[in-house]
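Take a look at the structure set out below.
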Protein chains: 2
Amino acid sequence: MAYRKTPAEIRRLEVAREHLVACATSVVAEVGWSQASVTAVADAAGIAAGSVYQHFPSKAALAVEVFRRAAGREVEVLGEVLTAPGDPVERLSRGIHVFARRALENRGLAYALLAAPAEPAVGAERLDFRRRYRALFAAVVREGIADGVLPEQNGEITAAALTGAIGEVLVDPLGTPDGTTTEALLAELTAMALRCAGAPAP
Amino acid sequence: MAYRKTPAEIRRLEVAREHLVACATSVVAEVGWSQASVTAVADAAGIAAGSVYQHFPSKAALAVEVFRRAAGREVEVLGEVLTAPGDPVERLSRGIHVFARRALENRGLAYALLAAPAEPAVGAERLDFRRRYRALFAAVVREGIADGVLPEQNGEITAAALTGAIGEVLVDPLGTPDGTTTEALLAELTAMALRCAGAPAP
DNA sequence: GGAAGAAGTGAACCATCATTCAGAGTTTCC
DNA sequence: GGAAACTCTGAATGATGGTTCACTTCTTCC
């Protein structure tokens with residue numbers, strides 16, 4: 001027994017790993033998955049390319065971790081808003097607002113999570129992510145139907161439409177063009193979402 | 001002057017090129033852009049890899065051609081339906097139906113056009129393609145507003161939502177799950193689209 | 001028939017990265 | 001201090017896949 005990791009050393013490694021994940025996330029948000037080479041990520045984190053493999057068995061594993069962290073945060077935030085107590089329509093409205101606002105505030109990341117070209121492993125995660133998003137929206141829509149404040153409909157389809165719609169609006173240069181402010185865009189998006197779910201006009 | 005392409009020879013080359021584009025389209029629809037290597041495409045067309053370069057200067061150029069052809073057909077068909085004479089709401093309904101039905105009938109191709117990971121050159125084409133789709137839907141929505149059959153709204157956002165929604169529904173295994181038939185799915189999609197645009201319930 | 005020129009072939013070439021590894025530098029503990 | 005065990009480095013390795021090119025095969029036209 002001549003060497004055993006001391007708690008401080010374990011901590012140092014954990015911190016290094018966190019730092020790597022954080023830097024990788026930034027790189028992905030900035031240049032997308034396809035441009036985020038191991039070298040680029042390692043450079044951003046200030047370590048050698050080879051050192052990445054001390055923390056992750058492969059580039060794909062790192063990419064999946066980056067995706068899961070970021071996507072997990074988003075799902076969590078949206079989940080809290082959508083499952084809060086209160087009127088389903090009101091919650092839906094807030095949920096769209098939060099979803100879209102967060103995406104607009106970190107567009108690069110939103111694009112990476114929702115649509116950017118990525119390796120298959122990330123693509124699989126993305127399907128799961130979208131499914132979770134959909135499930136959250138669908139649950140609220142179904143509640144609205146049960147409460148009689150939304151018309152009869154297939155909640156899954158409406159939910160898919162909502163995620164698709166927001167994604168589409170964010171993906172290409174439509175977000176903040178000529179005159180439209182972020183607030184106006186958010187208001188329009190929310191209005192569209194409520195119509196889409198069949199909520200009566202205010 | 002010892003050699004000059006005879007009309008028949010020119011025709012033969014054109015046919016070969018068409019055949020190559022057609023085969024490439026099939027390969028892309030089946031396995032996606034990322035798996036459609038030059039070799040795979042050449043094999044499908046029954047020619048050698050090197051021969052591809054007699055018709056296109058690069059793989060990217062061939063990919064762009066494949067995309068443009070397929071996307072162009074879709075835009076054309078949708079355009080015809082949406083700009084036909086008649087009630088805007090009715091046209092919108094038909095447009096969604098046609099868009100979605102065609103996508104469902106050739107899901108691989110729809111996925112390739114709308115969402116599948118692809119090289120940057122194709123990505124740029126895709127943005128353009130989506131923009132054209134949006135413009136078509138947006139025009140009808142604006143007409144509906146002008147006619148007083150749709151409520152005031154940002155037509156671009158509604159249009160983006162419609163394309164995003166259909167894309168989302170098609171992309172992952174939600175299209176034809178357990179019990180849902182294609183017809184039921186189309187009906188639900190259309191209903192959702194009309195609600196989204198704010199058309200009064202039938 | 002045969003010379004000139006084009007199309008077609010497919011193995012070799014080359015660029016790009018992810019991944020590995022031998023060696024240098026650190027940390028632990030006697 | 002020093003041996004053992006670990007982390008870190010970055011150049012070498014290897015795989016993938018687009019592109020090239022010397023060569024063969026086919027067309028044209030005298």
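Below, each value reflects all heavy atoms present in this structure, side chains not excepted, and no hydrogens, waters or symmetry copies. Here is how names work: the chains are called A, B, and so on, in the same order as the sequence lines, proteins then strands, and each is numbered from 1.
Using a 4.0 Å cut-off between a side-chain N of Lys or Arg and a carboxylate O of Asp or Glu, A:Glu80 and A:Arg94 do not qualify as a salt bridge.
The residue B:Ser37 sits close only to the backbone: its heavy atoms come under 4.0 Å of sugar-phosphate atoms, none of a base.
Atom CG of A:Leu62 and atom C1' of C:dC17 are 15 Å apart (whole Å). Taking atom CD of residue B:Gln54 and atom P of nucleotide D:dT25, one finds them 16 Å apart after rounding to whole Å. Rounded to an integer number of Å, the gap from OH of B:Tyr53 to P of D:dT19 is 3 Å. Separating the CH2 atom of A:Trp33 from the C1' atom of C:dC17 is a distance of 17 Å, rounded to the nearest angstrom. In this entry the distance linking CD of B:Gln35 with P of D:dG18 reads 11 Å, nearest Å. Between B:Asp43 atom CG and C:dG8 atom P there is a gap of 16 Å when expressed in whole angstrom units. Note: CD1 (B:Ile47) to P (D:dC26) measures 16 Å, nearest angstrom. For A:Glu119 and C:dT19, the CD to C1' distance is 14 Å, given to the nearest whole Å.
Comparing D:dT7, D:dG18, C:dG8 by their closest approach to the side chain of B:Leu13 singles out C:dG8. Among C:dT27, D:dC8, C:dA18, the nucleotide with an atom closest to any side-chain atom of A:Glu9 is C:dT27. The side chain of B:Ser51 lies closest to C:dG8, out of C:dG8, C:dG10, D:dG18.
Looking at A:Arg17 and A:Gln54, their side chains never bring a donor and an acceptor atom within 3.5 Å of each other. Looking only at atom types and distance, the side chain of B:Thr182 has no donor-acceptor partner in the side chain of B:Arg101 under 3.5 Å away.
Aromatic ring pairs are classed by plane angle as parallel below 30°, tilted from 30° to 60° and perpendicular above 60°; the pair A:Phe129 and A:Phe67 is perpendicular.
Where A:Arg12 and B:Val38 each meet DNA chain D at their nearest nucleotide, the meeting point lying more 5' is that of A:Arg12.
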